[in-house]
Amino acid sequence: MRWKTLDDMDLAGKRVLVRVDINVPVENGRVSDTTRIERIVPTVRDILAAGAQPILCAHFDRPKGRVVDAMSLRVVVPALEQALGTKVVLIATLDAAETRPDEAREAGVVLLENIRFHPGEEANDDGLARRLAGLADIYCNDAFSAAHRAHASTEGVAHHLPSCAGRLMEAELRALEAALGNPQRPVAAVVGGAKVSTKLDLLGNLVGRVDHLIIGGGMANTFLAAQGIDVGKSLCEHDMTETARSIMAKAQGAGCEIILPVDVVIAREFAAGAPHEVVPATECPEDAMILDAGPQSVARVNTALDGARTLIWNGPLGAFEIAPFDTATNAAAAHAADLSRAGTLVSVAGGGDTVAALNKAGAAEAFTYISTAGGAFLEWMEGKTLPGVAALEG
Ligand code: ADP
Ligand code: MG
């Protein structure tokens, strides 16, 4: 690894500016899901245990460079204190943090107010980056989920302080490295979801790097159509069939096997419990929609997983929000979970709907690693450089 961790830093007596992602959902003035807050606890604890002071810096919602009281980080303080088991002091302005440093020093854990209140944050303004750097001796980035953005607190500040990755960032990078950087082969990838157009770069990168590419969900329909198969009223991007053909050609050249559904579940309406039937993938009636992969397709996927040592999963195999069109996703997820528990498969998954689908299937716990970093996870899997990670390496 070319980046440092907290273990490489001399922390005692230092002030550590920690970029975290605590952009949590709030309902009726209370944090309704504390997952992101819980995930930063190890970093904050380790910094405190080393005798250093954490100064947390985060964004919340999209105030677009203006002070919006309704987007104050005040609302997360109780949940943060509960998770950390210590008092947290919110410092409302950078001026206050700069002019009254003693106040900050006496508070155990300091939280700076929503950094996106400053127009310089999203503009990656060097002036703001220097002001942030001035508050601390060390910069620790623990916000992998914000690392695909070059902002003052995620990228700029790293150029002005000795920098390292926090525990969560470290765990994400190691898991992604194990999945795609330097994986145990064979590697299988499941790419599903709605559209080819949103996952073009992902498909393009994966075909050159994995051994089996399992395509499911709505995007499989586009690949079927690209082979001249009539998919009826299914979700299908007919303007992407040429692209699908070029992805298939690239896969063939790279020795990557593309696995498409051989049978599918069709229905005439997209509703819970709608009348449905299984037909061969080549025989979707013209008035029907493909909403899930069929049992033979699932068996084919599971066989590929049996032979694999590493699995990357992004996107459900069907319209998993509505039963019974979650069947293929649930079955393949359960099989991947079994193989992970048995220790034969390293399984890494990410994506908003993917995480929801794996949770719904009861499989998430058994996966080796579940990334909660939607956009950053995808960009890493697309082979792109994440500015927040690159800055730690520099
Ligand atoms: P993620 O958020 O994990 O990256 P996506 O947003 O790409 O995943 O895809 C999830 C969406 O794809 C879900 O809303 C699901 O209903 C939809 N989907 C999957 N298969 C189909 C299908 N056959 N027809 C229509 N929509 C589908
Ligand atoms: Mg989604």
Side-chain angles (χ1 to χ4, degrees), residues 25 145 148 176 179 189-206 213-226 229-238 240 244 259-272 274 276-279 281 284-285 287-295 297-298 301 311-333 336 347-361 363-364 367 369-382 384:
S145 50
H148 57 314
L176 296 181
V190 171
V191 180
K195 292 178 172 179
V196 173
S197 53
T198 60
K199 297 196 175 168
L200 267 185
D201 292 341
L202 177 67
L203 293 165
N205 190 40
L206 291 180
L213 178 60
I214 296 153
I215 298 178
M219 71 168 67
N221 302 336
T222 303
F223 279 83
L224 294 174
I229 294 168
D230 188 349
V231 294
K233 288 208 158 64
S234 304
L235 176 65
C236 177
E237 293 170 286
H238 290 284
M240 297 298 289
I259 299 174
L260 285 168
V262 288
D263 59 347
V264 292
V265 181
I266 56 145
R268 264 100 188 158
E269 55 169 339
F270 186 29
H276 56 276
E277 61 184 301
V278 175
V279 299
C284 176
D287 63 341
M289 292 177 286
I290 299 173
L291 291 175
D292 198 12
S297 305
V298 173
V301 170
L311 167 66
I312 297 161
W313 189 326
N314 173 260
L317 294 178
F320 76 100
E321 295 96 333
I322 295 184
F325 310 112
D326 56 350
T327 307
T329 302
N330 289 343
S347 49
V348 175
D353 291 291
T354 308
V355 176
L358 296 180
N359 276 322
K360 193 162 169 274
F367 268 58
Y369 195 79
I370 300 276
S371 172
T372 51
F377 171 83
L378 269 184
E379 289 198 19
W380 201 92
M381 287 296 175
E382 287 165 357
K384 293 182 181 148

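Along the sequence shown, residues are numbered consecutively beginning with 1. Ligands are counted one by one from 1 in listed order, and the atoms in each one are counted from 1 as well.
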Peer 1: Have a look at ligand 1 and work out which part of M289, if any, has a heavy atom under 4.0 Å from it: side chain, backbone, both or neither.
Peer 2: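 Within the 4.0 Å criterion, M289 makes no contact with ligand 1.
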Peer 1: Looking at S234 and I290, would you say the former's side chain and the latter's main chain have a donor-acceptor pair under 3.5 Å?
Peer 2: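 Pair found, side chain donor or acceptor close to backbone of I290.
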Peer 1: Tell me, which protein residue and heavy-atom name are nearest atom 9 (O) of ligand 1, and how many Å apart are they?
Peer 2: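 Looking only at protein heavy atoms, the one closest to atom 9 (O) of ligand 1 is G193 CA, 3.1 Å.
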Peer 1: Is the backbone N or O of V355 less than 3.5 Å from a side-chain atom of N359, with the two atoms forming a donor-acceptor pair by type?
Peer 2: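 Yes.
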Peer 1: F270 vs F325 aromatic rings, parallel, tilted or perpendicular, using cut-offs 30° and 60°?
Peer 2: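 It falls in the tilted class, 30° to 60°.
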Peer 1: Which protein non-hydrogen atom lies closest to atom 6 (O) of ligand 1, naming both residue and atom, and how far is it?
Peer 2: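 I find the closest protein heavy atom is D353 OD2, 2.9 Å.
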Peer 1: Is there a nitrogen or oxygen of K199 sitting under 3.5 Å from a nitrogen or oxygen of ligand 1?
Peer 2: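 There is such a contact, yes.
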Peer 1: In Å and rounded to the nearest 0.5 Å, what is the CG to CG distance from L358 to N330?
Peer 2: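 Reported to 0.5 Å precision, the distance equals 9.5 Å.
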Peer 1: With a 4.0 Å cut-off on heavy atoms, is K195 touching ligand 1?
Peer 2: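 Distance cut 4.0 Å: K195 fails for ligand 1.
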Peer 1: Give the atom name of whichever N/O/S atom in D353 sits closest to the Mg ion (ligand 2).
Peer 2: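 Nearest to the Mg ion (ligand 2) within D353's N, O and S set: OD2.
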Peer 1: What part of E321 sits under 4.0 Å from ligand 1 if we count only heavy atoms: the side chain, the backbone, both or neither?
Peer 2: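 Only the side chain of E321 comes within reach of ligand 1.
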Peer 1: Should we count NZ of K360 as having more than 12 external heavy atoms under 6.0 Å?
Peer 2: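 Atom NZ in K360 is crowded, with more than 12 foreign heavy atoms closer than 6.0 Å.
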Peer 1: Taking heavy atoms and a distance under 4.0 Å, where does I290 meet ligand 1: side chain, backbone, both or neither?
Peer 2: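 Just the backbone.
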Peer 1: Just going by heavy-atom distances, which of A194, P261, G192 is nearest to atom 17 (C) of ligand 1?
Peer 2: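 It is A194 that holds the nearest heavy atom.
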Peer 1: Looking only at distances, please establish whether an N/O atom of ligand 1 is found under 3.5 Å from an N/O atom of T354.
Peer 2: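 Yes: some nitrogen or oxygen of T354 is under 3.5 Å from one in ligand 1.
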Peer 1: Quick one: which ligand 1 atoms are inside 4.0 Å of a heavy atom on G352?
Peer 2: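 Numbered from 1, ligand 1 contributes 2 (O), 3 (O).
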Peer 1: With respect to atom 26 (N) of ligand 1, which of V231, V191, L235, V355 exhibits the smallest heavy-atom separation?
Peer 2: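 When every heavy atom of V231, V191, L235, V355 is considered, L235 comes closest to atom 26 (N) of ligand 1.
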Peer 1: So, does T354 use its side chain to make a donor-acceptor pair with the main chain of G315 at under 3.5 Å?
Peer 2: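 It does hold such a pair.
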Peer 1: What is the nearest protein non-hydrogen atom to atom 22 (C) of ligand 1, stated with its residue, atom name and distance?
Peer 2: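 Of the protein heavy atoms, G218 N, 3.5 Å lies nearest.
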Peer 1: Closest heavy-atom contact between A179 and I312?
Peer 2: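 Shortest heavy-atom contact: O-CD1, 3.6 Å.
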Peer 1: For atom 18 (N) of ligand 1, which protein heavy atom lies nearest, and how many Å away is it?
Peer 2: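 The closest heavy atom on the protein side is G318 O, 4.0 Å.
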Peer 1: Quick one: does T198 get a heavy atom under 4.0 Å from ligand 1?
Peer 2: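 Per 4.0 Å heavy-atom rule, T198 does not contact ligand 1.
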